[in-house]
Number of protein chains: 2
Amino acid sequence: MQQSTEEKILAAAAKVFMEKGMAGARMQDIADEAGINKALLHYYFRSKEKLFDEIFKEVSGQLLPRLNQIIESDISLFDKIWAFCQEYISRMVENPYLPLFIVEETNKQQGAFLERHLGNKRLRLDKLAQQVQQEVARGTIKPIHPLELFLTIISMCAFPFLGKPLLQHMSGMNDDMFNAMMEARKSEVPKFIINAIKK
Amino acid sequence: MQQSTEEKILAAAAKVFMEKGMAGARMQDIADEAGINKALLHYYFRSKEKLFDEIFKEVSGQLLPRLNQIIESDISLFDKIWAFCQEYISRMVENPYLPLFIVEETNKQQGAFLERHLGNKRLRLDKLAQQVQQEVARGTIKPIHPLELFLTIISMCAFPFLGKPLLQHMSGMNDDMFNAMMEARKSEVPKFIINAIKK
DNA sequence: GTCTATACATGGATAGAC
DNA sequence: GTCTATCCATGTATAGAC
């Protein structure tokens, strides 16, 4: 193991917060998961909110850089769409709670929450936007607003994880079938999008 | 007003549960919103869980029939995609909390929750699937699994509401701009999808 | 640092008067 | 039906021994 108490707490908190959300998570759950008691949680992190902030910062801080790296790279627009879908879906398959966690907390937390956590760490779409405009001017793709394209890409990649229970209920697919579908979507989604925008 | 106490409670509960979710909602919040006290909530509905179930049943029971009506209608596949996006996005603009509410609770509630509430009320995709296969056979659209097509449609319609806070943070758009974008997406989404699948 | 015990507040639920 | 008062369990947080 060789894991410090602080690390154990952070790992346990990440698991519990991601499964149950800030409102549904109990400090007792986290203590149990970490194999310690509640008092020790407050010793390391003063309050539930502080602990939650730590987890949210860590989680969002891991995801965004990887996506930025792709979005800002020098590859062609189509390759970029392809790489983004691959990377995004792969991350979510590894951690299926992530999309709901991010979506739920960004919607529920109050006021300046996003500013506090992501203030400097927003996705940098400038380069992507530039490429889109270039390709439009060159006549290789139909006119489209870069932000709309980005929204569509992320919608197709992320939503299936959010709608998974409903989808499974509707179609009777089990977890293996779902994962197989998402594996296929790593290439189906970019193909679909490129078909939609190319001239 | 002319609203019975039970109706006031249901309206208040719907508002509070949709904003805060089952875990985050407080009976006190609902009582305040309804202008009554907690005891009366328990008089009408025995427990928080029963009240929640009532709301979830009502909400999901209103949405699905409207969507089924479109999905099972006799119009052409392309018209159907068009009508579905129009109707779905319109519903969500009216009630922006709905997507998160459904997604959150279907993910968080335990075990047979979906069976209990939607057991008989699932979306009926048979007709849509038939049409897709016909068009594929006819050579008018590229081969695509009907369920995948449906998943893509609903992803593009629903996700923007879920990712709204992140999107606004990233792009600096305000609520009016967001609503204008969704208004435009009522036609942009079906156009995009049809472009992607048509031969 | 880690534990047990406990304080203090909140939330769901009930009792009983009106 | 509707209210006030209250019970009881749970949840966050702290005190203090080791």
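Proteins come first, then strands; the chains are lettered A, B, ... in the order of their sequence lines, and each starts at number 1.
- Residues passing the salt bridge (charged side-chain N to carboxylate O under 4.0 Å, His left out) test with B:E72, sequence neighbours excluded: B:R124.
- Residues passing the side-chain contact (heavy atoms from CB on, under 4.5 Å) test with B:S90, sequence neighbours excluded: B:K186.
- Among pairs with a residue in residues 17-27 of chain A, those fulfilling side-chain hydrogen bond (donor to acceptor under 3.5 Å, both in side chains) read A:K20-A:D29, at least two apart in sequence or across chains.
- The interatomic distance linking B:I9 (CD1) with C:dG12 (C1') rounds to 15 Å, in whole Å.
- Using a 4.0 Å cut-off between charged side-chain N and carboxylate O, A:K8 and A:E33 make no salt bridge.
- Under the ring pair (Phe, Tyr, Trp, His ring centres under 6.0 Å) criterion, A:H169 pairs with no residue at all, not counting sequence neighbours.
- No contact: A:A31 has no heavy atom under 4.0 Å from any strand.
- Bounding nucleotides for the chain A contact on DNA chain D, 5' to 3', at a heavy-atom distance below 4.0 Å, are D:dG11 to D:dA15.
- Scanning for ring pair (Phe, Tyr, Trp, His ring centres under 6.0 Å) contacts around A:Y88 gives A:F84, with sequence neighbours left out.
- The side-chain hydrogen bond (donor to acceptor under 3.5 Å, both in side chains) test applied to A:K48 returns no partner, not counting sequence neighbours.
- Residues satisfying the ring pair (Phe, Tyr, Trp, His ring centres under 6.0 Å) criterion with A:F178, sequence neighbours excluded, are A:F161.
- Within residues 38-59 of chain A, the residues that have a heavy atom under 4.0 Å from DNA chain C are, in order of number, A:A39, A:L40, A:Y43, A:Y44.
- Aromatic ring centres of A:F17 and A:F52: separated by under 6.0 Å.
- Using modelled atom types and a 3.5 Å distance limit, the side chains of A:Q168 and A:D175 yield a donor-acceptor pair.
- Taking 4.0 Å as the cut-off between side-chain N and carboxylate O, A:E188 and A:K191 count as a salt-bridged pair.
- Screening residues 96-105 of chain B for salt bridge (charged side-chain N to carboxylate O under 4.0 Å, His left out), with sequence neighbours left out, gives A:K108-B:E104.
- Within residues 15-22 of chain A, no residue has any heavy atom under 4.0 Å from DNA chain C.
- For the helix from C:dG1-D:dC18 to C:dC18-D:dG1, the angle separating the two terminal helix axes comes to 10°, with each axis derived from five pairs and the value rounded to 10°.
- Taking 4.0 Å as the cut-off between side-chain N and carboxylate O, B:E87 and B:R91 count as a salt-bridged pair.
- The separation between B:N37 atom CG and C:dT14 atom P is 15 Å, rounded to whole Å.
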